[in-house]
Amino acid sequence: MSGRRLLVRLTTRCNSACQHCTIADIAHHPEPRVEEVWAEIVRGRRDGCTELVFMRGEATLRRELLSLTRKARRLGYAHIQLQTNGRMLAYEEYLDRLLEAGMTYFEVSFFGDEAAVHDAIDGCPGAFEQASAGLRHLARRGAGCLVTVPVVRANHQRLPALVDTLHGLGVGRVQFNWTRPVQVDGRWVTGPLVRLAAATPFIREALARARALGMRGETEAVPLCHLAAEDRGGADVLEDFSRHQVADVHRREASMAAHRRVSRPLAPSCTGCSAREICPTTWAAYQELFGTDEFVPLGDVGTSGALADVGATGGALDLGAP
Ligand code: SF4
């Protein structure tokens with residue numbers, strides 16, 4: 001039985017400049033003081049949390065990350081996870097200090113199969129080389145690692161090739177995240193986005209490629225009707241999100257279970273779908289922008305044996321941020 005999980009945000013600053021940035025809509029909120037973050041971490045332990053996740057922005061930009069990690073381990077957090085663009089992990093001395101402090105898991109964003117694609121999405125030349133070095137360093141140390149890939153217009157056709165790149169870097173687990181549309185200054189940022197129908201054939205191909213290479217492949221916020229039966233599992237479906245609590249720069253959530261249904265509602269067309277109780281659907285913002293015609297109710301196959309198979313090995317420790 002897993003303990004509770006606390007997700008905290010140390011900053012909304014970042015050393016990358018992704019056009020699709022999914023926290024651009026909260027970047028105007030002030031960064032919490034380290035004392036405030038520590039108070040949340042202590043409160044989380046009192047609530048029974050044994051897992052801690054430092055959410056994006058780029059927490060490695062805050063020098064207090066090391067001391068907070070060290071103190072959190074002493075307080076009893078057994079699992080401490082860092083969401084990062086991976087660029088600071090290119091510096092082996094820094095990575096070793098994180099590991100020594102007690103960081104146990106790394107959730108690294110990665111964007112492209114080659115530098116031209118990755119750096120164009122990241123917005124910073126050299127990001128691909130740095131993140132690639134970071135992943136190699138993690139693999140060499142045997143550190144726990146999940147790579148999350150935001151699916152956007154610029155990379156959606158390259159996802160199968162991206163799996164090959166990650167395999168070559170020693171990555172064993174990849175998750176394709178459907179990108180949440182955001183509004184900045186009252187306007188939707190739609191340029192980087194791609195439609196489900198255009199991208200999900202490449203997601204399915206990438207997941208099959210990962211399987212063939214012996215990697216674990218999953219998705220986040222991809223409707224189950226867009227996935228092959230064998231891919232309708234993973235943490236996004238099987239995790240108990242009522243055990244997740246959030247201390248963000250703009251809100252606190254005692255349980256993510258209810259929030260998920262608000263942020264990813266069922267559509268009218270989901271009514272007759274056999275998977276409606278477990279389906280993560282996709283972002284309300286996407287549904288508002290593009291409608292729900294791409295949701296196709298499943299018959300009995302929605303709860304195939306494949307879910308049970310994945311459930312037997314499904315992880316509850318390494319999800320991405322809400
Ligand atoms: S129809 Fe709706 S509930 Fe069914 S798989 Fe598609 S998005 Fe999910």
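We number each residue from 1, following the sequence as shown. Every number for a ligand or one of its atoms is a count from 1 in the order of the listing.
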Which residue, Arg140, Arg136, Arg97, forms the salt bridge (Lys or Arg N to Asp or Glu O under 4.0 Å) with Glu92?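 Among Arg140, Arg136, Arg97, the one meeting salt bridge (Lys or Arg N to Asp or Glu O under 4.0 Å) with Glu92 is Arg140.
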
At less than 4.0 angstrom from any non-hydrogen atom of [X], what atoms of ligand 1 do you find?
X	value
Cys279	3 (S), 5 (S), 7 (S), 8 (Fe)
Arg276	3 (S)
Pro297	1 (S)
Pro223	7 (S)

Under a 4.0 Å threshold between the charged nitrogen and the carboxylate oxygen, would Arg70 count as salt-bridged to Glu100?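 Result for this pair is no, no salt bridge flagged.
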
Any Lys/Arg nitrogen of Glu58 or Arg62 sitting under 4.0 Å from an Asp/Glu carboxylate oxygen of the other? no

N, O or S atom of Cys225 closer to atom 6 (Fe) of ligand 1 than 2.8 Å: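 Yes, Cys225 qualifies, because one of its backbone or side-chain N, O or S atoms lies under 2.8 Å.
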
How are the rings of His118 and Phe111 set relative to one another: parallel (under 30°), tilted (30 to 60°) or perpendicular (over 60°)? tilted

Whether Tyr286 and Trp178 hold their rings parallel, tilted or perpendicular, with breakpoints at 30° and 60°: perpendicular

When you look at Asn85 and Asp122, which way does the side-chain hydrogen bond (donor to acceptor under 3.5 Å, both in side chains) test go after all the steps? CA-CA 9 Å; Asn85 58 30; Asp122 181 282; 5.0 Å; no

Short check: any N/O/S atom of Cys270 below 2.8 Å from atom 2 (Fe) of ligand 1? yes

Using a 4.0 Å heavy-atom threshold (strictly under), name the region of Thr282 that reaches ligand 1: side chain, backbone, both or neither. neither

For atom 4 (Fe) of ligand 1, what is the nearest protein heavy atom, given as residue, atom name and distance?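 Result: Cys273 SG, 2.3 Å.
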
